[in-house]
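Because the structure is a prediction, the values reported are computed rather than measured.
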Amino acid sequence: MVTLPRLVIAAAASSAGKTTIATGLMGALRARGRTVAGFKVGPDFIDPGYHALATGRPGRNLDAVLTSEELVPGLLLHGAQVPEPADLAIVEGVMGLFDGQLGREGFGSTAHIARLIAAPVVLVVDAAGSSRTAAAAALGLRAFDDRITIAGVIVNRVGSPRHAAELSAVFEAAGLPVLGTVPRNAGISAPSRHLGLVPAAERLQSAATVAALADHIAEHVDLDAVLQVARTAPGLDAGAWDPTEVVRPVAGRPVVGLMAGRAFTFRYAETEELLRAAGCELVEIDPLLAESLPAGISGLYIGGGFPEIHAVELSRNASLRSAIAEAIADGLPTVAECAGQLYLGEHLDGHPMVGAIPATARMTPRLSLGYRQATAREDTLLAAAGSTLTGHEFHRTTTSPAVGTASAWSWADQPEGFSADPAGRGTPTLHSSYLHVHWAGNPGCAQRFAQAAAHFASRTGGVHPMLRERPADGIDLHHHGDNDLAPGLVDLAVNVMLPGPPAWLAARIASTLAALGSYPDASAARAAIADAHGVPPGMVLPTAGAAEAFALIARTLTGSHPLVVHPQFTEPEAALRAVGAPVQRWLLPVKPGSCPPSLADLPAWADAVFVGNPTNPTGWLHRRDDLLAAGTGRLLVVDEAFMDATDERESLIGPVMPNRLVLRSLSKTWGLAGLRVGYVVGDPVLIARLEQAQPPWPISAPAIAAMVATSSADALAEAAELYRVLASDRDHLVAALASAGFDTLGCAAPFVLIDTSPCGPASVRAALADAGYAVRRGESFPGLGPTWIRIKVPAPEIADAFVAALSALRVPGASSGSATAGSPEPRGRFSRFTGSAEPEEPSPQFTGDRPEEAR
């Protein structure tokens, strides 16, 4: 049971002064040091703005129609806890006490909400023009429904002390406490317009009005008695609504712009909270001031307000209008509700607007007001086809036409609004409608919008600046072997076996040049690769190198808790970080001469695991069965860029690959790094999703020809012979290093990782460069330090010269820094960022089986 002092402010009808009394009470109690949470019954978006001014926290709505009966208590408790726990909650009612949705016996009325939250009611009695009759009406309300408790009254707009005394005597005789009598004060008022009060955010005087109102209420209402009524509310048997329980975070923390300022004053507070819970960064945009959209914006939400009042100013801001139009045309996910639709049209009362939807809008005398049971006729940005929800319509404008080629919603068998795919990418990215939707009751809307924003961010690079790729603990994840090259050095840093393609392959590639005027078709490459591996073509996706494949996976398939096993090629982690994925690391202990450490201890919370096999730079070859066991129940991504240089029996490629993906590269074997040739083999469902994320014609005709040619039986035999010779050269290199007193790691790849600690604690790269050799630095791999270098396997004569140059750098009397023989082999350890090369026991920070505990 949750204890929360609370009360509901109600009246017999509209215009009795509920907003005046409720807002004044909130401000007066806050002035006395109380923390007050303010609420409004129903969909009204103007009154909560005044509540927010009075309380200093978001004004919120309690609406059983837009959300549900079950959600109302939880939303109350949530609003009373955020941003900090409140001492009490004051709920302003709507219309008359028992007036709710027509035809539903008062469903959604103030009385209904009071019952749902078990709150006492304080009745505002409008005394203007009556005395004893006003009291009689109030007493009739008390008798109408014994399921609610009218605990007291506040008499509003009394004309004189005698008038107040007359009414007080009637109520006291009836046993209904009078908590205050509030005289008329013409100097305290908020102006009205066509939809009610002018929103607080539009008036510079609003704060002063609320402060004066609070003083007025404090003078004429017994605040202690009001608090006592609130404390009579019983314990509430409910839990607070939690947005993190109804949406899940998307990758990339996409930036979502929220239209704000004087022209767009309304959105439900829970809309923002749901978007944040879904992993979005939110930034407000005032279209009367901002000249452009924020950098990196990946979604736009335009809620309610009065753009018709500010049409001239909105129209004059042509630079922002143009920026929004261009962004929407490029596929920026955009939601516009009511006022937002007016802004996105071509004209509003004759003034040019954004022009993103083919419609014009104008003011009319007719009021459109009411709840609408709406259905999505087809998939839209916010809803799947057939989805039904209840929204609210409230405006005096009309849009012509009222519906686009595809509608946002339909109700009463009529389509309404606009759903569009301006960029032609196959999925609607624009949703515009007069309907206001409370996303707390429909969290799927927030989830779909956040996912669309994340997808847009991954496509355009619209990642929040704080999450853009940057070195972690000094490790530059984009550092590769080519960065260690310099003119005149022998290249041992880049793992490409040949300086260029063999003559026969170069000729095959060159033969495509005459047809470069035609768009390429990669189906032949897909078929050839599939045939070479004995899998269906639907399990193969040609890519522009493995780097593109990692980027596609990061954007489309990564789970909520991806884990990269290090040391390994850094591009998988870089791709994950580029989209803002919450990637974490599992560091395997590096011990010269050891077998690959076990993967059996990988944490259960990881729902996507990335591992290399054989691993770059260690050269470890994990056994197929070990990898399959480690990937059970989650996405397993294996980088097999060097598998063709070792034992193909350990490859995970096979005719059935559930929830598994294997990446291959043709660059290494065939000297094609400049052509960007690679492919993915795996689960056909996952392959299809990756293909959808690729741009049109991602593989060039020369690359397609190379893929087909290198998949032939003759080419595979030639590659096998190349690696047979390389294995012999590797054995020669490792033996030479051992004779010189240097430990190595890995004997299953066309490269070797060398422990140079006998040369001292600093990196030997500069000294080796002086000797004429470029080597790959170890400290650019997570889990390794500067005494490690990786070199590709050279011909024996180059190997001997290199070992001699390295031996010349030894510190006299130094021994290898490797672990002593017989020492226990350490297990892997969890680390988000670490560059230490020292093997450790598992980090004491990692004690549970969830990422939160590991952090």
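Under the salt bridge (charged side-chain N to carboxylate O under 4.0 Å, His left out) criterion, Glu337 pairs with no residue at all, not counting sequence neighbours. The ring-ring contact (aromatic ring centres under 6.0 Å, His included) check on Tyr268 picks up Phe266, His438, with sequence neighbours excluded. With sequence neighbours left out, Phe264 forms a ring-ring contact (aromatic ring centres under 6.0 Å, His included) with Tyr343. By the ring-ring contact (aromatic ring centres under 6.0 Å, His included) test, His51 pairs with no residue at all, sequence neighbours left out. Among residues two or more places apart in sequence or in another chain, the ring-ring contact (aromatic ring centres under 6.0 Å, His included) test is passed with Trp241 by His78.
Between Glu166 and Arg162, no side-chain nitrogen of the basic residue sits less than 4.0 Å from a carboxylate oxygen of the acidic one, so the salt-bridge criterion is not met.
Within the 4.5 Å cutoff, no side-chain heavy atoms of Leu75 are placed close to those of Phe39. With contacts defined as side-chain heavy-atom distances shorter than 4.5 Å, the pair Leu88/Leu29 qualifies. Within the 4.5 Å cutoff, the side chain of Pro243 has no heavy atoms near those of the Glu270 side chain. With a 4.5 Å cut-off on side-chain heavy atoms, Leu7 and Val226 count as touching. Contact of the Val246 side chain with the Leu274 side chain is registered, since non-hydrogen atoms from C-beta on lie closer than 4.5 Å. Side-chain atoms of Ile113 and Val8, non-hydrogen and from C-beta on, never get closer than 4.5 Å to each other. In this structure the side chain of Val125 never reaches within 4.5 angstrom of the side chain of Asn156, judged on heavy atoms. At a threshold of 4.5 Å between non-hydrogen side-chain atoms, the residues Pro307 and Leu348 count as touching.
In this structure, His216 has its ring center closer than 6.0 angstrom to the ring center of His220. With ring centers used as reference points, His436 lies under 6.0 Å from Phe45. Between His112 and Phe107, the ring center distance clears the sub-6.0 Å criterion.
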Subject >> Worked verdict on Arg276 versus Leu282 for side-chain contact (heavy atoms from CB on, under 4.5 Å) >> reply: CA-CA 7 Å; Arg276 287 194 179 93; Leu282 305 184; 3.7 Å; yes
**OP:** Begin with the C-alpha distance, continue with both residues' side-chain angles, and end with the deciding distance and a verdict on side-chain contact (heavy atoms from CB on, under 4.5 Å) for Asp44 and Asp47.
**Re:** CA-CA 7 Å; Asp44 181 274; Asp47 293 349; 3.4 Å; yes
**OP:** Go through the steps for Phe418 and Val403 under the test side-chain contact (heavy atoms from CB on, under 4.5 Å), then give the verdict.
**Re:** CA-CA 6 Å; Phe418 302 79; Val403 63; 5.8 Å; no
**OP:** Please lay out, stage by stage, how Thr397 and Glu308 fare under the test side-chain hydrogen bond (donor to acceptor under 3.5 Å, both in side chains).
**Re:** CA-CA 9 Å; Thr397 60; Glu308 63 270 26; over 6 Å; no
Subject >> Residues Ile117, Val72; criterion side-chain contact (heavy atoms from CB on, under 4.5 Å); working and verdict >> reply: CA-CA 7 Å; Ile117 64 174; Val72 167; 3.7 Å; yes
In a table with atom names and distances, give each donor-acceptor pair under 3.5 Å that connects a side chain of residues 95-106 to protein atoms at least two apart or in another chain.
unit_1 : atom_1 : unit_2 : atom_2 : d
Asp99  : OD2    : Gly96  : N      : 2.9
Gln101 : OE1    : Arg104 : NH1    : 2.8

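The distance from atom CD of Gln81 to atom CG of Leu77, rounded to the nearest 0.5 Å, is 6.5 Å. Taken to the nearest 0.5 Å, the CG atom of Leu123 stands 7.5 Å off from the CG atom of Leu176. Atom CG of Leu258 is separated from atom CG of Leu300 by 8.5 Å, given to the nearest 0.5 angstrom. Here the SG-CG distance, from Cys445 to Leu382, works out to 5.0 Å after rounding to the nearest 0.5 Å. Summarising the geometry, atom CD belonging to Glu92 is positioned 8.5 Å from atom OG1 belonging to Thr20; distances are rounded to the nearest 0.5 Å. Note that CG of Leu4 is 5.5 Å distant from CG of Leu76, once rounded to the nearest 0.5 Å.
Residues Thr334 and Tyr301 have side chains that never bring a donor and an acceptor to within less than 3.5 angstrom of each other. There is no side-chain donor-acceptor pair under 3.5 Å between Ser407 and Glu416. For Thr388 and Thr375, the side-chain atoms include at least one donor-acceptor pair closer than 3.5 Å. Side chain to side chain, Thr364 and Arg362 fail the donor-acceptor criterion of an N or O pair below 3.5 Å.
The environment of Arg231 atom CZ is dense: over 12 non-hydrogen atoms of other residues, nucleotides or ligands sit within 6.0 angstrom.
At distances below 3.5 Å, not a single donor-acceptor pair connects side-chain atoms of Asp145 with backbone N or O atoms of Ala111. Under the 3.5 Å distance criterion, the side-chain polar atoms of Arg30 are left unmatched by any main-chain donor or acceptor of Ala214. For Asn61 (side chain) and Asp63 (main-chain N/O), no donor-acceptor pair under 3.5 Å exists by modelled atom type.
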